[in-house]
2 protein chains.
Amino acid sequence: MKRSLEHIEYKENTEALARFAKALGHPTRIAILKHLENQSCCFTGDLVEVFPLAQSTISQHLKELKNAGLIQGELKPPKIKYCIDQENWKIAKTLFQQFFD
Amino acid sequence: MKRSLEHIEYKENTEALARFAKALGHPTRIAILKHLENQSCCFTGDLVEVFPLAQSTISQHLKELKNAGLIQGELKPPKIKYCIDQENWKIAKTLFQQFFD
DNA sequence: AATACTAATCGTACATTTACGATGGTGAAT
DNA sequence: ATTCACCATCGTAAATGTACGATTAGTATT
């Protein structure tokens, strides 16, 4: 990508907001989060049934959402229960609110 | 990307929200929009001075923001004045608000 | 018509994203 | 210890994203 070597200095929260936005930047991930908002929690397998995508693809999307901090996984053997990460969710909500005035 | 041929059917507004989010998914674009919110409007050249990026790179980011509908350009020869697209901005704001409850 | 200025677009290089199937790992139950 | 179910991760392929410099296009002004 021929990146500039030094890291650009952005204003406070700019990168955090961009990171959240990027995680939301795919319809499947939006749909997963909407699903989680309704159900409050769900298992990977549930999503695989809901969406016409491979299990690995769903898993990848979950990973990205987790990396962005928007969801968290809880071991519930033999499944994993995913829920909204309420704390970060609130942060994201606030950042978007501030951003849009 | 070995995409599924048929298009996945998402719920209302899911794709619109994802499209906005994707456009916001880069810190430079967030910064540009913040700048526009302060200044209300600005020229491409102004941004080139503000950010340590090539003119073509700024132009590309502006194009994406325009494609997403978040900004609009007005011919002000020999420059182009960019402003927030208030109408779509309101739509985006609403979509994010709804999404975060 | 020629010039000057601005910004878009082109061409390129490399990173990242998105999808799939295949494989590996973890915890429960047998 | 073996097996089963579930899910993560790996490997891969193709699309998209991000950056740059160089070129082109558009709009006054001369």
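A quick note: this is a predicted structure, and the numbers were derived from the prediction, not measured.
Every residue meeting the ring pair (Phe, Tyr, Trp, His ring centres under 6.0 Å) condition with A:His61, not counting sequence neighbours, appears here in chain and number order: A:His26. Looking at residues two or more places apart in sequence or on another chain, you find a side chain to side chain donor-acceptor pair (under 3.5 Å) between A:Thr28 and B:Tyr10. The salt bridge (charged side-chain N to carboxylate O under 4.0 Å, His left out) check on A:Lys90 picks up nothing, with sequence neighbours excluded. Every residue two or more places apart in sequence or in another chain that forms a side-chain contact (heavy atoms from CB on, under 4.5 Å) with A:Glu74 is listed here: A:Lys76, A:Lys81.
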### Task
Determine, for nucleotides 22-30 of chain C in 5'-to-3' order, which nucleotides have protein heavy atoms under 4.0 Å from the base (write B), from only the sugar-phosphate (write S), or from neither (write -).
B----SS--

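With distances taken from any side-chain atom of A:Lys79 to the nucleotides D:dC7, C:dA7, C:dG21, the minimum falls on D:dC7. With D:dC20, C:dT18, D:dC7 as the choices, the nucleotide that has an atom nearest any side-chain atom of B:Ala54 turns out to be D:dC20. For B:Lys22, the listed nucleotide lying nearest its side chain is D:dG17; candidates were D:dG17, D:dC7, D:dA19. Considering only side-chain atoms of A:Ile80, the nucleotide from C:dA19, D:dA8, D:dT18 that sits closest is D:dA8. Proximity note for B:Phe43 (side chain, C-beta onward) versus C:dT9, C:dA7, D:dA19: the nearest is C:dA7.
For A:Tyr82 and D:dC6, the OH to P distance is 15 Å, given to the nearest whole Å. Taking atom CD of residue B:Glu74 and atom C1' of nucleotide C:dA7, one finds them 16 Å apart after rounding to whole Å. Atom pair A:Leu24:CG and C:dT17:C1' shows a separation of 16 Å (rounding to whole Å applied). Atom-to-atom, NZ of B:Lys76 to C1' of C:dC5 comes out at 18 Å; the value is rounded to the nearest Å. Distance A:Ile71 CD1 to D:dC7 P: 13 Å, rounded to the nearest Å. The CD1 atom of B:Ile58 sits 9 Å away from the P atom of D:dC20 (whole-angstrom rounding). Following rounding to the nearest Å, B:Ile8 (CD1) and C:dC20 (C1') show an atom-to-atom distance of 13 Å. Atom CD in A:Gln72 sits about 14 Å away from atom P in D:dA8, given to the nearest Å.
When all heavy atoms are compared, the tightest approach of B:Val48 to B:Ile58 is CG2-CG1, 4.0 Å. Here the shortest heavy-atom pairing between A:Leu70 and A:Ala92 reads CD2-CB, 4.2 Å.
Listed by first and then second residue, the salt bridge (Lys or Arg N to Asp or Glu O under 4.0 Å) pairs that reach into residues 47-72 of chain B are B:Arg29-B:Glu64, sequence neighbours excluded. Pairs of residues two or more places apart, or lying in two chains, that qualify as ring-ring contact (aromatic ring centres under 6.0 Å, His included) and include a residue from residues 72-101 of chain B are A:Trp89-B:Phe99, A:Trp89-B:Phe100, A:Phe96-B:Phe96, A:Phe96-B:Phe100, A:Phe99-B:Trp89, A:Phe100-B:Trp89, A:Phe100-B:Phe96.
Side-chain N/O atoms of B:His26 include one lying less than 4.0 angstrom from OP1 or OP2 on D:dA19. Under 4.0 angstrom from either OP1 or OP2 of D:dA19 there lies no side-chain N or O belonging to B:Thr57.
With rounding to the nearest 0.5 angstrom, the CG atom of A:Asp85 is 9.0 Å from the CD1 atom of A:Ile71.
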Determine all donor-acceptor pairs shorter than 3.5 Å in which one atom belongs to a side chain in residues 30-45 of chain A; sequence neighbours excluded.
{"from": "A:Lys34", "atom 1": "NZ", "to": "B:Glu12", "atom 2": "O", "distance (Å)": "3.4"}
{"from": "A:Lys34", "atom 1": "NZ", "to": "B:Thr14", "atom 2": "OG1", "distance (Å)": "3.1"}

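Remark: nothing in residues 12-21 of chain B comes within less than 4.0 Å of DNA chain C through any heavy atom.
Between the base of D:dA19 and the side chain of B:Gln60 there is a donor-acceptor pair shorter than 3.5 Å.
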